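Notes to accompany the following structure.
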Amino acid sequence: MIDCTNEANLDNFLTDLKGYLSMAHMLKSLAELVGETEDQKEIETDGFIWIDDSKHDVTTIIGVKE
């Protein structure tokens with residue numbers, strides 16, 4: 001995080017990170033409600049990749065664990 005932020009873009013980074021974490025919590029709650037098996041109730045991520053474009057948009061790919 002230190003390497004991709006500076007004083008000029010720190011607020012943008014924190015805004016995007018907050019959105020990412022909020023979405024992860026919502027997805028976790030959804031999985032617990034609709035998951036039929038314990039495996040379906042788990043949420044995993046490949047990580048958080050941040051692009052400093054000041055757009056605050058997020059791309060999320062949801063799939064079934066194989």
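Please read all numbers here as calculations on a predicted model, not as lab measurements.
Remark: D11 engages no residue in a side-chain contact (heavy atoms from CB on, under 4.5 Å) (not counting sequence neighbours). Residues satisfying the side-chain contact (heavy atoms from CB on, under 4.5 Å) criterion with D57, sequence neighbours excluded, are D53, K55. With sequence neighbours excluded, the residues that form a side-chain contact (heavy atoms from CB on, under 4.5 Å) with L10 are T5, L14. T37 is linked by a side chain to side chain donor-acceptor pair (under 3.5 Å) to nothing, counting only residues two or more places apart in sequence or in another chain.
A donor-acceptor pair under 3.5 Å is absent between the side-chain atoms of D16 and the main chain of F13, judged by distance alone.
Heavy-atom minimum distance, N12 versus S54: ND2-OG, 3.2 Å.
Side-chain heavy-atom separations under 4.5 angstrom define the hydrophobic clusters, and the remaining members of the one that includes V34 are L30, L33. Other residues sharing a hydrophobic cluster with I49 under the 4.5 Å side-chain heavy-atom criterion for ILVMFWY residues do not exist; the residue is a singleton.
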Tabulate below the donor-acceptor pairs under 3.5 Å that side-chain atoms of residues 18-27 make, not counting sequence neighbours, or state none.
residue, atom, partner, partner atom, Å
Y20, OH, T45, OG1, 2.8
S22, OG, K18, O, 3.0

Subject >> L17 and F48: CA distance, side-chain angles, deciding distance, side chain to side chain contact (heavy atoms under 4.5 Å, CB included) verdict >> reply: CA-CA 8 Å; L17 181 61; F48 173 74; 4.0 Å; yes

